[in-house]
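These values consider heavy atoms only, across backbone and side chains, with no hydrogens, waters or symmetry-generated copies.
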Amino acid sequence: MAKYKHIIVPKDGKQITVRNKKLRVPNNPIIPVIEGDGIGRDIMKATRRVVDASVQKAYKGRKRIVWMDIYAGERAHKLYREWLPQETFDAIKKYVVALKGPLTTPIGGGFRSLNVTLRQVLNLYACVRPVRWFKGVGSPVTHPERMNVIIYRENTEDVYAGIEWKKGGKEARKVINWLNKNMKTSIRADSGIGIKPISVTGTKRLVRKAIQHAIDKKRSSVTLVHKGNIMKYTEGAFRDWGYQVAIAEFRRKIITEDELWSKYKGKMPRGKILIKDRIADSMFQQVLTRPDEYEVIATPNLNGDYLSDACAAQVGGLGMAPGANIGDYVGLFEATHGTAPKYTDKDMVNPGSLILSAVMMLDYLGWDKAGQLIEKAIEKTIAKKTVTYDLHRQMKSAKKVKTSEYATQIIKNM
């Protein structure tokens, strides 16, 4: 058993392992949990209560999660004098699956982002964001029920691995002068400069995971979203490499959109998954006007960032949007919103994003029954118009409750 400075390993739990490229989950897995900063304390308490209740009800005591507190952000700094201690990375790697609340990146703390650092160090290359509507939640669109997508966003490249040089700086002048002289560009001298990498390795492993999800969950299409009409060798390459991995590795399971019309006259053959692509700006229109034509979406980093939030806005906002960061095996499940410091310890914010992220975690463990209990209970709670302040503002004649009270109602409605 690993020895840690501040992490206490529970004696009544067992470690998740990987065998033959599959997770082996015991009935009492140890799950590392980062409480988070700001509102993290309130929403994590609520989430753990809901998850524990669902697992107990679904499996009659035969299974349970053994939580293990690990540290990042403000609590880590108090304990270690570090914002992201090494033993936090070590614990997530060792125990494979973890749950995380929102973290604040300290100004001048040496990190571009704590969240991004966790993803990059742990090689969690797929940011996975399901977006669906719960009946009764207020929405700015007429038919929010048509939105039911899962977005696979590349998590380690593009702008997340971007390199920048400030306008007027020595490095920027050097890069501009070199490009203008040697590459015959005409970049203005008063420009800031940025470089974004998109690789065939990063693209193919992301698209591979998206297609496999479509196969496993019996989804009918995967859409590659890119700006390849302008940036042909990064965004356009993402599109081309995505098609390549689809054809090379999933040929019997997929057809491309070109093949749909050239070979099948527009009629989708049974049992196949359609691989298609859309230009990013067009896709923003499509998810508003024809959202039911899309199921699984695979994108480079920046496009996925915009698109996942835009989709979430149609179903009630980020308070209802779960997320996960997944590598080959390690999965870090987290709320998709920030720390909202003005609401710290006020017991008032919506824990829905983190609770639904925990549902994704349960599904990842193969404990689907417990996750389904939570989703149905959330639907029932919202249908009864018992909600936190953010949803209360969007609903008529609703009852506003605290974070803790909302969790209690979800548990009652299981």
Is the shortest side-chain heavy-atom distance between [X] and [Y] below 4.5 Å?
{"X": "V315", "Y": "V137", "value": "no"}
{"X": "I150", "Y": "V128", "value": "yes"}
{"X": "T381", "Y": "Y406", "value": "yes"}
{"X": "I16", "Y": "I31", "value": "yes"}
{"X": "R49", "Y": "I411", "value": "yes"}
{"X": "T234", "Y": "H226", "value": "no"}
{"X": "I273", "Y": "I215", "value": "yes"}
{"X": "V207", "Y": "F238", "value": "yes"}

Worksheet entry | Residue pair R48, D69: steps toward the salt bridge (Lys or Arg N to Asp or Glu O under 4.0 Å) verdict | CA-CA 12 Å; R48 285 170 63 158; D69 287 308; 3.2 Å; yes
Distance-only side-chain donor-acceptor flag, [X] / [Y], under 3.5 Å:
{"X": "D37", "Y": "T339", "answer": "no"}
{"X": "K100", "Y": "N115", "answer": "yes"}
{"X": "S220", "Y": "E295", "answer": "yes"}
{"X": "Q244", "Y": "D240", "answer": "no"}
{"X": "R239", "Y": "N229", "answer": "no"}
{"X": "D258", "Y": "T256", "answer": "no"}
{"X": "T203", "Y": "E154", "answer": "no"}

Salt-bridge criterion met for [X] and [Y] (N-O under 4.0 Å):
{"X": "D42", "Y": "K346", "answer": "no"}
{"X": "D90", "Y": "K5", "answer": "no"}
{"X": "R64", "Y": "D52", "answer": "no"}
{"X": "R278", "Y": "E257", "answer": "yes"}
{"X": "R132", "Y": "E379", "answer": "yes"}
{"X": "K227", "Y": "E235", "answer": "no"}
{"X": "R129", "Y": "D309", "answer": "yes"}

Fill in: Cation-pi geometry met for K63 and Y59 (6.0 Å, 45°)
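Satisfied, under 6.0 Å and within 45°.
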Discussion item. Check whether Y160 forms a cation-pi arrangement with K196 (NZ or CZ under 6.0 Å from the six-membered ring centre, at most 45° off the ring normal).
Written reply: no
Looking at every heavy atom in both [X] and [Y], which two are closest together, and how far apart are they?
{"X": "A76", "Y": "P85", "value": "CB-CD, 3.7 Å"}
{"X": "Y294", "Y": "V149", "value": "O-CG1, 3.3 Å"}
{"X": "L84", "Y": "L114", "value": "CD1-O, 3.8 Å"}
{"X": "E293", "Y": "S221", "value": "O-OG, 4.0 Å"}

Worksheet entry | Derivation of the side chain to side chain contact (heavy atoms under 4.5 Å, CB included) call for L354 and F333 | CA-CA 8 Å; L354 189 58; F333 298 81; over 6 Å; no
Item to complete: Let me see the working for E157 and S199 under side chain to side chain contact (heavy atoms under 4.5 Å, CB included), right down to the final yes or no.
Response: CA-CA 8 Å; E157 299 189 324; S199 73; 2.5 Å; yes
Discussion item. I'd like to know whether E259 forms a salt bridge (Lys or Arg N to Asp or Glu O under 4.0 Å) with R251, so could you lay out the CA-CA distance, the side-chain angles of the two residues, the decisive distance to 0.1 Å, and finally the verdict.
Written reply: CA-CA 12 Å; E259 291 168 342; R251 178 71 275 187; 2.9 Å; yes
Item to complete: Can you run down the side chain to side chain donor-acceptor pair (under 3.5 Å) pairs that involve residues 169-184, sequence neighbours left out, and say none if there aren't any?
Response: N180-T185
Practice prompt. May I have all residue pairs that pass side chain to side chain donor-acceptor pair (under 3.5 Å) and include part of residues 133-150, sequence neighbours excluded?
Written response: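 Found H143-E145.
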Discussion item. Treating T299 as the side-chain partner and R153 as the backbone partner, does any N or O pair qualify as donor plus acceptor under 3.5 Å?
Written reply: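 Pair absent, no side-chain N/O of T299 close to backbone of R153.
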Worksheet item: Could you state the interatomic distance from CD1 (I297) to CG (L224), rounded to the nearest 0.5 Å?
Response: 10.5 Å
Item to complete: Can you measure from CG (L362) to OG (S54) and round to the nearest 0.5 angstrom?
Response: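 It comes to 5.5 Å.
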Worksheet item: So N325 and Y125, side chain to side chain contact (heavy atoms under 4.5 Å, CB included) or not? Walk me through it.
Response: CA-CA 7 Å; N325 299 289; Y125 53 82; over 6 Å; no
Item to complete: Quick one: sort the Y152 and H213 rings into parallel, tilted or perpendicular, breaks at 30° and 60°.
Response: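 Rings of Y152 and H213: tilted, 30 to 60°.
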Worksheet item: Do Y389 and Y343 have ring centres separated by under 6.0 Å?
Response: yes
Practice prompt. Go through the steps for E334 and R119 under the test salt bridge (Lys or Arg N to Asp or Glu O under 4.0 Å), then give the verdict.
Written response: CA-CA 11 Å; E334 64 177 2; R119 296 165 189 169; 2.8 Å; yes
Can you give the donor-acceptor pairs under 3.5 Å from side chains of residues 366-374 to other protein atoms, not counting sequence neighbours?
from, atom 1, to, atom 2, distance (Å)
K369, NZ, A58, O, 3.4

Worksheet entry | Intermediate values then yes/no, side chain to side chain contact (heavy atoms under 4.5 Å, CB included), I39 and H337 | CA-CA 10 Å; I39 59 173; H337 52 69; 3.6 Å; yes
